[in-house]
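Naming: A, B, ... by sequence-line order, numbering from 1 per chain.
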Amino acid sequence: MNEISANHYRWFCIIGLALIVSSVILLFKESLPAWKIHQRFSKQIQLTRLQAEIDRLSAEPAAEDNLRRLRLVKAQLEQRETKIQQIVLDSLNRIDRCTSCHIGIEDKRLQDLKAPYKSHSGKYLVWHPPEKFGCTVCHGGQGLATNFMDAAHGDIKHWDKPLTTKALLQSSCGKCHLDMEVPESPLVSKGREVIEKSGCFGCHEIPLFEVREKPGPSLDKLGSKVNKQWLNKWLSNPRNYLEKPKMPRVNLSQEDIDILSDYLVSSKDEILRSTQNDILQEEGDPEIGKVRFRESRCISCHSVNGKGGTLAPELGNIANKVNREWLFRFIKDPHHFQPKSKMPQYGFSDREALDITEYIMEEFSTEELEETEAESASIGPGELSPELIKKAEGMFLDHGCSGCHDKSGIKTEVKIGPELHHIGSKHLETIDFGDIKDVVPSLQNWIFLKVKNPRIFDEKAKMGDYNLSDEEAIQITFALLAFTKEEIPHSYTASYQKKGLFNPQGEIGHLFAKYRCLSCHQVAGNGGTLSTAPLDMVGSQVKKDWLYNYLKLPYAIRVNIPERMLRLWLSDKETEVLTDYMCSVFVDDSIPEGLEKTLKPEDVEEGRALFDKHGCISCHIIGSGGGYVGPQLNNVGDRLKAGWIYAWLKNPQEYKPKTLQPNYGFNDDEAIALTAFLVSLTKEQAEKGSS
Amino acid sequence: MLKPFWLILPFIIIIPLISFFSLRFIGGFGIRSGWSRTETLNSGLRTQDSKRDVLLEALNKSKHGLSDMELKGEEYYKHYCSICHGSEGRGDGFNAYNLNPRPKNFAEIIPSMDDRYLYKVISEGTTSVGKSALCPPRGLYLEHDAIEAIISYLRKVNR
């Protein structure tokens, strides 16, 4: 039998006690987790504030209903048990226990407290009730956790999905909101706009941008348009020619550029090569061309030295780029060279087109026109060696040119860039920061740096350099972070801007295609946004005679905007067909027809008084004075229908949500009176008045 | 029994001690923070050593010193107000010269106006405070939050 000395006994007791005590302490800590404390504290505060509100309301008379409701709420609150709260969301595949600590998140009386007792800011929980959405779908983090660290509040290492920081929070909205404009998320909205404008989908598969026209022009017949010298300069760096080019700078060596240029300019237009255009032997009159240029409102879409529209290329130095023959032919028939161009085919005569060509070639050049005839005639399509063609075609495919540019003979369905469907969920371990060591390694930083300078991590990267500003890079980053691996079911996604079907056939279809109305106008959500008013109800808005005359010869309705409707030189027949169509089809039944008949002369006087009283002249031109904000109202009775004026005045935001026209809250009588007054403002009345 | 006792000793003292302390460090003070620690996180991004958070830097720079609410107010102001009141509120907007009376310079008048007055003017128009009808009411289509945002922007820019 061994001896156990007293010393050993002492040690044994001490250690044993230490173990027992530490177990008890741990058990104690486990039984009193943070969430219990938070729930109890929250309950206390909620009850106190509720009671204060009840007391306050009891002092007021006629508050019985409210009081009864509040007392009910208080009773429910008192009975609330302290237990784990969880929101089980099968369709979103998650369980969120955030409300175990953040139990007062929906109680608006707790706005001024600190987290986790503070209630949610803004109206977000009204729009997204927690029982349907939970918390982690917007905020990220570990929904199943019941303590601060496990939920990944903040930058906790090694958690795949930490809580989204406040700065980046708006990108979560983009997960479910699939429109181009995302409410409460200006950066995501702008980011989607920038992606649309820059044409990133030419190389990358991007959700929401799956069905898009190629962002660049077709490169067929390029040799008839530009010469090799220009093309070399352009491919080396588009900013040699334009200040804000749409095309990015590609990563090609000078040799490769040379080969590619040879290949591209070898494609010429058969018609230009074969026909001897007699009219081109003559000289056009640039002075007349200048007038025509202005009348046609080219700058509604094109910019000249930075001023004008952004829908079409900059023309300030176009004479350095294209040759005279090509320009003439293009102005006469743009769709022959660019079948998908947004430019309408104006009804110019040969002489008119020549004048305009002359004006453009003379005015829009910034340097001595070099002798280019020799260059452009040098290499024909049959003269390139097969190896060169093969190499160039390989380059064309390899560097993604075909993602943005059509070229007959080269077919490809594959985009050269990685698809971006789950880019928002990319793991940090799969991201290569190259030699950059002084940046916090995070997904958002990587995307931001890459988009700003695609070669920053890898000199050989094929992605083009778009020369984006910091703001644009931020916006794109936010937009991309919304594309995550999470599967959001249809019942949760929000897509309000639906496009209807508009595909007119026959004569109307031909006219809409020839004049490219949808480049600027919208019908059923299809088309461009240069014109701020969609055409869907134009037949109910304007008078038929006025529309006919306007299509024939557009004028400025709104004084302060530079974009104007183009004068397309439509024939009488074409104008008639279009007017008839629009006035019978683009009609909205909610706008009352025939209101004119119910208007009385007394209404006119009342309307005039209202017009003065509400200061409408501050924004609208009437008579000899007025403001430049809205359309001018002289002769508005000739232009607009009474029913539309009435509907618009009663609630402008219903028809144009961001309009500057205020909603004065007019009742029916006031709206009728104002309508009567405005309808009376016609050319006829003005002439009668002055005679 | 004595010899094995000395062998067991490390297991009884040292290993629990080591595991206790290492849990504290690795788990990031998880045990301690189980208690009510209402820690507010500043944007949540700890800068590791001296590394730059480039996106956050660029983001803060783009806000040019305005808070989120003030930025929202700036958007509304630019869209609805700047055409008459000017981009900086000096009363020199594109349309200002067509107005009679002209809008005043905000820098001179806003500091003396209280929030309730500004809210009334924006939502009910200038007629509601006894002035001309040239600035229209916007309360029927601008939400309460939007008007508050505009006011916060005006205050920031016109101290």
Side-chain angles (χ1 to χ4, degrees), chain A residues 2-4 8 11 15 18-19 22 29 33-34 37-38 41 114-117 122-123 147-150 153-157 162-163 165-167 186 437-442 444-445 447-449 470-471 473-474 477 560 613-615 618-619 625-629 653 658 660 662-665, chain B residues 1-3 5 9 12-13 16 20 27-31 33-48 50-56 58-62 68 71-72 75 79-80 83-84 94-95 98-100 125-127 132-141 143 145:
Chain A
N2 291 323
E3 284 174 7
I4 303 172
H8 293 152
W11 272 115
I15 291 161
L19 277 172
S22 50
K29 280 196 176 171
I37 300 175
H38 292 317
F41 185 70
K114 287 180 91 176
Y117 311 112
K123 292 214 194 102
N147 65 57
F148 186 85
M149 298 305 289
D150 288 341
H153 287 76
D155 180 23
I156 315 251
K157 276 184 166 175
L163 221 65
T165 62
K166 188 164 179 213
K437 298 270 186 268
D438 64 338
V439 165
V440 170
S442 66
Q444 60 267 23
N445 281 344
I447 297 180
F448 175 73
L449 289 174
D470 271 6
E471 267 90 27
I474 294 174
T477 309
N560 70 335
K613 175 178 168 206
H614 289 283
S618 65
C619 293
Y628 296 155
V629 184
Q653 280 72 28
K658 295 224 177 117
L660 291 180
N663 182 347
Y664 287 91
Chain B
M1 287 255 297
L2 295 174
K3 282 213 178 96
F5 183 72
L9 188 69
I12 299 174
I13 302 181
F20 180 71
F29 304 95
I31 298 172
S33 72
W35 297 95
S36 58
R37 187 164 118 178
T38 56
E39 179 179 87
T40 46
L41 299 159
N42 63 348
S43 80
L45 287 172
R46 247 186 272 148
T47 38
Q48 302 161 16
S50 59
K51 295 195 179 168
R52 294 169 47 218
D53 195 314
V54 280
L55 180 64
L56 210 63
L59 197 56
N60 285 334
K61 193 154 153 234
S62 76
D68 286 336
L71 277 172
K72 215 167 154 187
E75 291 261 341
H79 183 73
Y80 289 105
I83 193 164
C84 293
F94 179 72
N95 196 41
N98 294 318
L99 301 173
N100 184 15
T126 35
T127 42
S132 76
L134 298 175
C135 183
R138 304 205 188 268
L140 284 174
Y141 54 97
E143 301 248 337
D145 292 335

What heavy-atom pair brings B:Ala58 and A:Asp470 nearest, and what distance separates the two atoms?
CB-OD2, 4.4 Å
For A:Tyr664 and B:Pro137, which heavy atoms make the closest approach, and how far apart are they?
CE2-CD, 3.5 Å
Shortest non-hydrogen contact from A:Cys619 toward B:Asn95
CA-ND2, 4.3 Å
Leading residue by heavy atom contact count with chain B [cutoff under 4.5 Å; candidates A:Thr477, A:Val439, A:Ile447]:
A:Val439
Select one option (side chain, backbone, both, neither) describing which atoms of A:Leu660 are under 4.5 Å from chain B's heavy atoms.
both
Over all atoms of both residues, closest heavy-atom pair of B:Lys51 and A:Pro441
CD-CD, 4.3 Å
Interchain contact, A:Leu449 with chain B, by part (heavy-atom threshold 4.5 Å):
side chain
Run the salt bridge (Lys or Arg N to Asp or Glu O under 4.0 Å) test against B:Glu75 and tell me which residues pass, sequence neighbours left out.
A:Lys190
Heavy atoms, side chains only, cut-off 4.5 Å: are B:Val54 and A:Gln444 in contact?
no
With respect to chain A, which residue among B:Ile83, B:Asn100, B:Thr126 yields the maximal number of heavy-atom pairs within a distance under 4.5 Å?
B:Ile83
How long is the span from the CG atom in B:Leu134 to the NE2 atom in A:His614, to the nearest 0.5 Å?
13.0 Å
Would you mind checking which part of B:Leu99 comes under 4.5 Å of any heavy atom in chain A, side chain (CB onward), backbone (N, CA, C, O), both or neither?
side chain
If you look at every heavy atom in B:Leu56 and A:Ala167, which pair is closest and at what distance?
CD1-CB, 3.7 Å
Looking at B:Asp53, is its backbone amide N or carbonyl O close enough to the side chain of A:Asn445 to form a donor-acceptor pair, meaning the two atoms are under 3.5 Å apart?
no
Distance-minimising heavy-atom pair for A:Lys658 and B:Tyr80
CA-OH, 4.3 Å
